[in-house]
*Asks:* 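Take this structure, written in structure tokens, and hold onto it; I'll ask about it next.
Here is how names work: the chains are called A, B, and so on, in the same order as the sequence lines, proteins then strands, and each is numbered from 1.
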Protein chains: 2
Amino acid sequence: MAVTRRTSRDIRSESRLDVMHALLSAGAASRGELARATGLSTATVATVVSDLLSGGIVTEAGLTNGRVGRPTTTLRLNGDRGRIVGIDVAETYIRAVVFDAALDELASAEVAVDEHHGEADYVVARLARALEDALERAGAARDDVLGVGVSLPGGTQRPAEVSVVVPNAAWRHLDRLRERIGLPVVVDNPLKAIATAELWSGEGRRHSSMITLNLGTGVGAGIVLEGAILRGARNFAGEWGHSLLALDGRRCRCGRAGCVEAYVGAAGIQRTLAGIAPEHPLASEPMQREFIGALASALARPSPDPAVTETLERTARYLGAAIADLVAIVDPEMITLTGWTVWALGDHLVPAVRRRVVEEAPGDAAAELAIEVSTVRGNPVATGIATIALERFLGDMGLLTSRVPTAL
Amino acid sequence: MAVTRRTSRDIRSESRLDVMHALLSAGAASRGELARATGLSTATVATVVSDLLSGGIVTEAGLTNGRVGRPTTTLRLNGDRGRIVGIDVAETYIRAVVFDAALDELASAEVAVDEHHGEADYVVARLARALEDALERAGAARDDVLGVGVSLPGGTQRPAEVSVVVPNAAWRHLDRLRERIGLPVVVDNPLKAIATAELWSGEGRRHSSMITLNLGTGVGAGIVLEGAILRGARNFAGEWGHSLLALDGRRCRCGRAGCVEAYVGAAGIQRTLAGIAPEHPLASEPMQREFIGALASALARPSPDPAVTETLERTARYLGAAIADLVAIVDPEMITLTGWTVWALGDHLVPAVRRRVVEEAPGDAAAELAIEVSTVRGNPVATGIATIALERFLGDMGLLTSRVPTAL
DNA sequence: AACCATTTATCTATGGGTTAGATTTAATGT
DNA sequence: ACATTAAATCTAACCCATAGATAAATGGTT
């Protein structure tokens with residue numbers, strides 16, 4: 001596949017996206033403010049806004065009188081345009097979140113999933129249940145739904161549809177999923193979702209390059225370059241969790257040895273602790289999220305358990321080295337961190353990781369690198385996959401061209 | 001730094017580049033052929049060609065009569081437009097290559113450099129010597145030179161200018177270099193150079209993503225995405241040689257432990273052999289290029305030395321694992337290999353590496369990945385850095401806009 | 001020798017994009 | 001009432017690409 005050609009239509013498409021992003025992050029803005037925020041001329045903003053107004057994507061939300069002069073009409077994304085659902089299918093739970101068309105969260109629902117019970121029909125049924133619960137709580141009718149985004153772990157790609165790093169039979173049968181949902185569905189993987197969330201609701205558009213790391217059961221990277229998500233030739237880019245940290249190191253659940261995930265995934269952190277203090281009570285905690293939570297509380301105590309402190313130190317070192325590899329290869333302007341490990345351990349982990357990255361990165365590459373906890377609120381996977389569904393919808397409306405490279 | 005805005009001028013700039021690339025790879029072509037090759041309309045090609053004709057970049061090289069009909073005017077890049085010099089500054093030598101404006105090689109000169117004699121004045125003097133020798137051999141006057149490209153190892157970046165992975169005092173003083181040469185100079189690092197060469201003279205433009213690996217004393221990756229070189233926030237992207245292969249592994253000359261370069265750089269391969277057979281005569285060969293050459297001859301024998309075979313196997317494994325990391329993170333459509341290690345060992349190494357990458361890459365990510373020896377002839381670093389100088393010249397002429405993001 | 005068919009290159013009209021600057025609109029202040 | 005001010009829109013100019021008409025140049029045909 002050769003390089004894609006850009007046409008002047010794509011420029012308009014990008015201008016529309018820029019205006020929508022500016023509006024999303026500002027909440028409400030006048031045309032003039034949008035022009036200043038996007039760098040476009042007021043004339044262009046006016047025509048773009050009129051496109052979006054006639055598509056019902058934005059609304060005029062009243063006039064505000066300034067000191068003197070013509071009053072400014074305030075613009076907002078039109079939440080009432082419809083509903084978008086984002087569904088985060090994780091290893092142990094499925095969470096469905098309903099958003100309005102301005103990407104404000106309305107309601108959510110979560111169902112537990114038995115990790116060892118992975119048949120397609122079972123998972124699809126649980127997913128449908130989460131979707132219906134969430135819609136009911138949001139008071140949304142099926143007709144209101146503009147699109148449903150589903151994030152599945154593992155690489156999603158055409159034509160094989162889903163190629164899994166961690167095998168799970170359910171994802172080979174997307175047709176059943178579509179049939180059962182009966183609404184416009186887009187499927188992608190969590191890394192592309194968090195990157196999209198960062199691009200619309202976070203830092204992605206303020207920097208020419210950014211990587212967002214998802215740390216939980218699995219770990220991975222969402223890579224954003226020049227305002228676009230790096231998907232790679234097979235939509236596989238960002239599987240940093242399965243890049244090598246240690247040759248012939250710990251066995252990873254993907255089958256390979258020495259993957260980053262085997263060290264800084266939640267189970268990997270537990271293994272680190274078990275290596276330091278095999279008899280430690282936390283080392284045998286069966287639930288990953290409980291384990292991470294307990295680790296956080298242990299660290300918060302006045303004089304923490306040395307084994308716990310050492311676990312954090314080593315994890316910071318592993319993570320620092322793995323992030324340094326990303327710096328060496330991609331050299332991003334900033335890195336954001338997300339995922340439930342970060343929500344729980346961030347206060348202790350992030351400062352240590354910052355120090356480690358500077359040490360481990362080649363030369364002074366990381367000297368000016370910003371490493372921050374993501375500013376995206378809520379579940380970024382659900383937010384991101386819903387955003388991808390919204391992008392797909394906008395593309396179907398003819399408002400977007402090039403920027404809808406969703407996987408499926 | 002935010003995302004850069006694209007304007008319609010950039011589209012024309014890309015069209016001009018596309019036409020020039022098509023012309024470079026075809027050697028000679030009619031306007032119609034260029035239209036077919038680029039996917040542009042004949043009208044656009046005609047206007048672009050007339051721009052390039054009036055800039056003297058292309059020439060009409062005679063008419064050819066077909067069977068019937070109006071004869072086709074053949075177009076070529078105008079080599080007589082001037083001369084471009086590419087200078088590859090390596091650890092042990094400096095090579096200057098003179099090209100005509102159609103990027104055909106005219107002459108070259110090489111001077112040896114004492115690795116331990118790294119003062120700025122010394123290196124600059126050697127470089128100037130190589131440049132003058134090459135110009136003389138090419139019969140080129142200084143006035144003919146449109147630009148000089150200098151490739152320096154290590155990251156080159158603003159504002160610190162050159163930030164070295166492997167320290168060398170000389171590169172802190174680019175002003176002296178510029179003063180001594182007295183011609184338009186661009187400086188960049190070898191990874192960006194090989195990527196540029198791949199983009200103009202190789203496979204880069206036929207694929208939406210491509211990585212070219214340089215294997216020699218140092219190792220690194222040139223990353224090409226959507227027809228553009230990935231430079232990163234500090235022009236540091238592609239320093240894959242200093243990403244981690246083995247935590248706490250072999251000490252690397254960059255100071256870190258376990259870098260890819262410490263395993264698959266020429267010195268690393270020798271260390272692998274020394275680990276297998278400490279008394280092996282090749283293990284104490286003092287010159288790296290001699291060592292690699294001797295390894296290649298040993299492998300070509302009917303029944304090769306088992307230590308040598310084992311060295312190749314392990315190197316393939318290291319390289320396969322390191323490439324698998326690139327696949328996991330970037331997921332390119334193809335990978336090309338270059339550098340003198342590849343020229344010498346490619347026949348034995350590449351097939352083994354291909355197998356290893358498929359095994360080591362997560363899931364079936366590498367199943368369709370093409371791994372080939374680069375088709376760029378000659379010294380790709382010199383070719384690439386000369387091409388960057390040509391791009392800079394075209395930019396100064398007003399023929400190119402966005403695509404001249406050279407470092408210095 | 002005049003004319004037709006054929007192939008290549010250019011010209012023209014159309015449509016999409018952006019923008020600076022003029023103009024209109026709608027408030028406040030005197 | 002009228003000037004002032006600020007926001008939004010309109011207008012004209014200038015980019016870009018393309019389809020389709022037109023012109024150019026030749027070999028073959030009558």
*Asks:* Taking only side-chain N and O atoms of Thr73(A), does any of them lie within less than 4.0 angstrom of OP1 or OP2 on dA8(D)?
*Replies:*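 For Thr73(A), the contact criterion (side-chain N or O under 4.0 Å from OP1 or OP2 of dA8(D)) is met.
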*Asks:* Can a salt bridge be assigned to the pair Arg234(A) and Asp331(B) using a cut-off of 4.0 Å between side-chain N and carboxylate O?
*Replies:* yes
*Asks:* Under 3.5 Å, is there a donor-acceptor pair between the side chain of Ser201(B) and the main chain of Glu198(B)?
*Replies:*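 No, because the side chain of Ser201(B) does not come within donor-acceptor range (under 3.5 Å) of the backbone of Glu198(B).
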*Asks:* Would you mind checking if Arg9(A) and Glu14(A) are paired as a salt bridge, meaning a charged N to carboxylate O distance below 4.0 Å?
*Replies:*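 Salt bridge: no.
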*Asks:* Please classify the nucleic acid contact of Thr7(B) as base, sugar-phosphate, or nothing, using heavy-atom distances under 4.0 Å.
*Replies:* nothing
*Asks:* Indicate yes or no: does Glu203(B) engage Arg206(B) in a salt bridge with an N to O separation below 4.0 Å.
*Replies:* yes
*Asks:* In terms of side-chain geometry, is the basic nitrogen of Asp51(A) or Arg12(A) positioned less than 4.0 Å from the acidic oxygen of its partner?
*Replies:* yes
*Asks:* If you fit an axis to the five pairs at each end of the helix from dA1(C)-dT30(D) to dT30(C)-dA1(D), how big is the angle between those two axes, to 10 degrees?
*Replies:*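 Inter-axis angle at the termini of the helix from dA1(C)-dT30(D) to dT30(C)-dA1(D): 50°.
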*Asks:* Any salt bridge linking Asp188(B) with Arg231(B)? Criterion: basic side-chain nitrogen under 4.0 Å from a carboxylate oxygen.
*Replies:* yes
*Asks:* Once you round to the nearest 0.5 Å, how far does OG1 of Thr383(A) lie from CZ of Arg377(A)?
*Replies:* 8.0 Å
*Asks:* Does the protein touch nucleotides 10-20 of chain C at the base, only the backbone, or not at all? Give it as B, S and - per nucleotide, heavy atoms under 4.0 Å.
*Replies:* BB----SSSBB
*Asks:* Of the candidate nucleotides dA9(C), dT26(D), dA8(D), which contains the atom at the shortest distance from the side chain of Thr72(B)?
*Replies:* dA9(C)
*Asks:* When you check the gap from the basic side-chain N to the acidic O, do Glu226(A) and Arg205(A) get nearer than 4.0 Å?
*Replies:*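 The answer is no: the pair does not qualify as a salt bridge.
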*Asks:* Expressed in angstrom and rounded to an integer, what is the separation of Leu399(B) atom CG from dC16(D) atom P?
*Replies:*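 Rounding to the nearest Å, CG of Leu399(B) and P of dC16(D) are 12 Å apart.
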